[in-house]
Structure formats: structure tokens, C-alpha cells
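I have placed the structure first, in the form of C-alpha cells, so that the comments after it can refer back to it.
Order of the sequence lines fixes the chain letters, A, B, ..., with proteins taken first and strands second; residue numbering starts at 1 for each chain.
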Amino acid sequence: MREITYEQAGTEAILEEMRRDPRTFHLATDAPPPLLAEFGPQRVRATPIAESALTGIAVGAAGSGFRPIVNWSQVTFAFVAMDQIVNQAAKIHYMFGGQVTFPMVFRAQVGGGTRRAAQHSQSPYSMFMNVAGLKILLPSTPADLKGLLKTAVRDDNPVISFESGRLGGLVGPVPDGDHTIPLGKADVKRAGTDVTIVAFAWLVHEALAAAEALAAEGISAEVVDPRTLVPFDVDAVRASVRKTGHLLVADEAGPTAGASAEVAALVTEDPETFAALRAPVRRVCALQVPIPYSPGLEDHVFPDRRKIADGVRAMLSGARAA
Amino acid sequence: MSTPSPELQREMLRQMQTIRRFEERASDDFRAGDIYGVVHSYIGEEAVAVGVCAALERRDQIISTHRGHGHCIAKGADLNRMMAELYGRATGYCKGKGGSMHIADFEIGMLGANGIVAGGIPIVTGAGLAAQLEGEGRVAVAFFGDGASNAGPFHESVNIAAAWKLPMIYVCENNLYAVQTPAAKSLAQPDVASRAAGYGIPGVVVDGNDVLAVHAAATAAVARARAGDGPTILECKTYRWRAHTERPNQPDSRPADEIAAWKQKDPIGRLVAHLQAQQGQLTEDEWQAMDAAILAAIEDSVAFAKASPFPTPESALEDVFAD
Ligand SMILES: Cc1ncc(C[n+]2csc(CCOP(=O)(O)OP(=O)(O)O)c2C)c(N)n1
Ligand SMILES: [Mg+2]
């Protein structure tokens, strides 16, 4: 299979979908060269640095029959457009009784590990999960990013694609042809029998490394990658936990009201899955702080393979979560 | 400046009076408890929506504000479905999910009232971009208040529309107040339209209580937009007759003599007088008959709303996502 980077996979997805559908167009404060070269400045627009307007413009164009693709660059800049995201894009289909559809895709980098300090290192996807009316991607591999993003462009709803900044250079196999992945389908990235590790984006790779280390100790860990937060594949996660009896959730965001908390609730509120649990659910998340700059400090704040493996060992030995 | 035909003038009169009678009924039924939440009355400002929309075609798109009933009616919305929406019924424009602040009819290019001050301006600018991409000469119109003109999304949107020559008309309904705050306390100079110079586009100020003047200015701005020459800021000086909302005990600190003076400039009375001054254009009997027909249509809309079912509880889960 062809191997490309996570970043290239995202660009390929947009190129292919813009070729496929002439009603798509691209808005960002910079025009990405490969898109501009192929589609020209009418469909690939460099906007003024006005995130609120460019997000609202996408809403209006979507309601007028187009399929805009917006790149906010980083989620950081999406906060400037919060009214348009939360009050307009998310609610407009419902509020107006479903009169027309609003197909639009918003791309934004999340996560840390790039030494860019607090404002440019954040993972606030659970804030957006809390807003009804938004679909949310959080892919961990080039293939997943490409397949999900292509599906997102064809979806008739606002979809936010949260893309891990530190995975940009990650190389991985991507299927040829029209590769799409349905939203709401988790992927078991490694099968196992003793413990379920649900991890997101970059932490999927850390979880896989932890699972490898644990295997050497005779512990069989299953790594489940939900891939999309909304819709969320609750069935896949519960099925895995019913099999292993143990759940650890790893998230690059802080724990407070995070996606990790949602996963814990979804698992424990299901009677059958709850009955199968043999230990309390454990979370390995970032510390609940703005992300600091100094490398040692930043690395200390984030979870990693070692913290995940330690969490699993502690859980299996019956120790209480810190 | 070409004067609209007598037929069009009478149609504009009919629309303005429809808005006024609709708003009177909405206020009454709000106080009676049949309409919920919040209602912002457009009485006194009818000439703005009607004068501008009379310069548009059905395929053109508009966006409205929290004070949105007038724009709906002027763009040709169905009174029954409007009233049913205010009554929270399943037959309303938004199946009872929107209410007064979220009435929309995308079929006639009415992209919705909006509960966020200035929130609709970027959205309708996106409709303008869609119109430009389609290249079929459609235009888009943002209605917004003097208060909204001080918010960031207004500046961001007008700047983009100017830079990209989008087929837009930005219609500022300057009614001199944002809730209780006089525009004079929020703007260092009186004309919102004068900001147009900063974006390199035309800015026009008109008497917003003179429907013929509004129509003429809008016609020019629409022609410019259709020709691909870009946006215009059209500022209409007007005044709301009622308090900011219909809420009981809504404070209204505006001077009584100021309110009285503006009522003397009633946009409807002015057009009636203008038509009646011309031989055979509107007899008193014709005017009375027009008003009676409007009142009957409003009565019908209330009957329709009252006869309509409330939405089912199950419908709360519908339309979160399009499938
Ligand atoms: C972003 C935002 N801030 C505050 C409000 C509360 N609010 C509703 S209407 C209004 C005044 C708006 O004034 P203007 O734009 O002049 O419109 P008018 O009511 O005069 O028609 C305010 C402050 C709001 N809806 N949205
Ligand atoms: Mg005002």
C-alpha cells in the first residue's frame, strides 16, 4: 500500500473531494498551494484574518447550496468564531425546522507536543462535543484522516475535523482509490483480552507502544480508537470492555468534563457492561493546566506510553487510581 | 430616480400595513399569553423592509435580526406559517422550534431572524459569496441595527464583501437606539454609512420612513451589486414606536416628545397621503377595504395557528442532524 504522511492524507482528501464535487470550495486565511494550483482563486480563497466572518460565510454558503471547507488552521483561532460555530452552525438546521441542510467541514489542529505553549497547544474537543448539532472527527492515522475527511465533505451537516498537530509528519499506509470511512465506527487498532485501552489521536500510538510493552509482561491489551467523537461508537467500546473487564481511557486533554469522562459514563451506565467491570475505570489524561512551554514541563503534563502502561499495571494489580 | 408604478406603490402600502397589523396582533397575543418568550415589534420601521424587498427578486436572499417579522412579510412569507411559529405550533415555519427570533423561509430567500446581534451578517455574506460563485446575478441583503454596526462581525463581513466585490447590500436600520442605549453614545459620528469610505464602497443615507426613498436607494444598490460592482451600505434613519421588546414592564426611557415627533413621520400615513394626493390612485374606500382585507388575513392566521397542533415530544429529537 502507498505510504504518505498524515498531513498529505488531509490534503489528498480535500483535493479528491473538490474534484468530485464542483459545489465545494475552500476558505482559509492562506490558500494552500496544491489546492490553489488545481482549482484557482475562485474556489480556493485566501480570506482576511476574520475567523468569525469566514465561518459565518461558510454557514450562509452551505445554506445556499454549496459545500464549503474551512481550515481554521488551529482550534485556537476557532474560538474567535465561537458565535458562528455554537449559535449558528450547530443550531441552524434544527432551529429552522430542518428547512435546508448545511453541509460544511471545519478543519483544526489540536494537541500539544510542539513546544508552542498554552495558546497554541490545546485539545478542547469536549467543549464542541457538548454542543448538539456538530459532528466531530479525531483521527489518529493518515488512512483514518483521509477516509473520514472525505466522508465529512459528503455529509450534510457541520463536521469539525480535529487533527493532531504532532501527527502531521506521521507516515502510514493509505488505501488507493476512493477511500472513505463511515463516521461513528471505532477501529480496534490492536486486539487483546485483559484490558481495553480507549485512546484518541496521538495517544492511540502511545497506547499501542504501551500495549507492546505490556505484552512482554504477559498482559494482553486491546486498543480501541473511536476515530469520531460525534457520532460515538458506544457499542464497540462496550463490547470490548465486556470482553476484557477493564477500561483505561487515555486523552491528551485534561480530565475535567473531557471526552474521557464521557467514555467512562457511557461504559458504566450500561448495566451489562458495568457488571462485566472487574476494576474501577481509570483515566490517564493531561494535567488540568494550560500547556506550559519548557520541554520538560510540557512532557510532564501530557500522558504517554509509560503512564498508560503504569495505569494498566496498577489497575490489574487492584491498586487505586492516583 | 424613477418613481415606482402606482400598482407597486399600493403593493408596498399593503405590505407595510400587513406588517403593522401583524405586529399589533403579535403584541396583543403575547400579552394574552398565546405567544411565548420574546417579541420585538417592527412598528414604525416598516418602510425599510418593504422599500428594500420591493427592489429585490424572489431568488435574492435576505437575513434578518431579532426584530424579524417585518422582513419575513416583506420578502413574501406566509402569514399562517409565521403566526403558527409564534404560537409554537407544529405547522409553523420551523415546526415550533424557532419562535419569533428564528423565523426563516429558505424557499423565498429569507435566511432567518437571528437572536445574536450581528450574527446573521457573516451568514448572509456567505449567501452573497454563493451568489457570486453561481454567477447568475442573484444578490443578498443584510438587515441589521445601529447597535449591530458596532460589532466585529459587521466589520469583518463588509470588509470581505468589499474586497471580493460580493453582490451585497448592507441595510442598517438606524432606529437611534440599541435597547436603551442611544446610538449617539455608541458612535462618535451619526452616520453608520459614512464608514463605507473606510471599506472603499458607497455609503448612502436615506429617510427610512419614506418608502419611496428607501426603494429608490435600494434599487440603485441592487443594480450595482447585480452588475458585479460590489456592496453598498444603505443606512435608513428610522424609529421604533414601541419599547425594545413586548416584555411587561420593559423600561423605555426615550423622551415622550421624541416618540411623538417620530409618529408624525409615520411611513404608512405618508404613503397613504402621497397616493391620495394623486388623482384616482387610492380612494379612502379603497384604503379602508385594503386594511379590512389585511385584518381578515391576520385573523385567519391566528385561527390557523390556534387550530394547529403543538409539536409532539418525539419531535424534539428530530432535525438535530440532517440524515
Ligand atoms: C451578541 C449579543 N449581545 C447582546 C444581545 C442582547 N440584545 C438583543 S437586541 C439588542 C439591541 C440591538 O440593537 P440594534 O442592533 O440597534 O437593533 P434594534 O433592537 O434597535 O432593532 C441587544 C443588546 C444579543 N442578542 N446579542
Ligand atoms: Mg437600533
* To the nearest 0.5 angstrom, please state how far the CD atom of Glu262(A) sits from the CZ atom of Phe232(A). => 7.5 Å
* Toward chain B, the part of Phe96(A) with a non-hydrogen atom under 4.5 Å -> both
* Salt-bridge criterion met for Asp178(A) and Arg154(A) (N-O under 4.0 Å) -> yes
* To do: With a 4.5 angstrom heavy-atom cut-off, could you sort out which part of Glu85(B) is near chain A: side chain, backbone, both or neither?
  => neither
* Would you call Arg226(B) and Glu136(B) a salt bridge, using N to O less than 4.0 angstrom? -> no
* Asked: Which one of Leu111(B), Thr125(B), Leu133(B) has the most heavy-atom pairs closer than 4.5 Å to chain A?
  -> Leu133(B)
* Checking ring-ring contact (aromatic ring centres under 6.0 Å, His included) for the pair Tyr87(B)/Tyr36(B): CA distance, chi angles, key distance, verdict? -> CA-CA 7 Å; Tyr87(B) 267 71; Tyr36(B) 317 98; 7.8 Å; no
* **Among the listed options Ile121(B), Asp105(B), Val124(B), Ile63(B), the residue most often paired with chain A at heavy-atom distances under 4.5 Å** => Asp105(B)
* Quick one: what part of Asp156(A) sits under 4.5 Å from any heavy atom of chain B, side chain, backbone, both or neither? -> both
* Contacting moiety of Ile49(A), where chain B heavy atoms sit under 4.5 Å -> neither
* For Ala46(A) and Trp164(B), work out which heavy atoms get closest and say how close. => O-CZ2, 3.7 Å
* Select one option (side chain, backbone, both, neither) describing which atoms of Lys135(A) are under 4.5 Å from chain B's heavy atoms. => both
* Asked: What part of Val159(A) gets closer than 4.5 Å to chain B, counting heavy atoms only: side chain, backbone, both or neither?
  -> neither
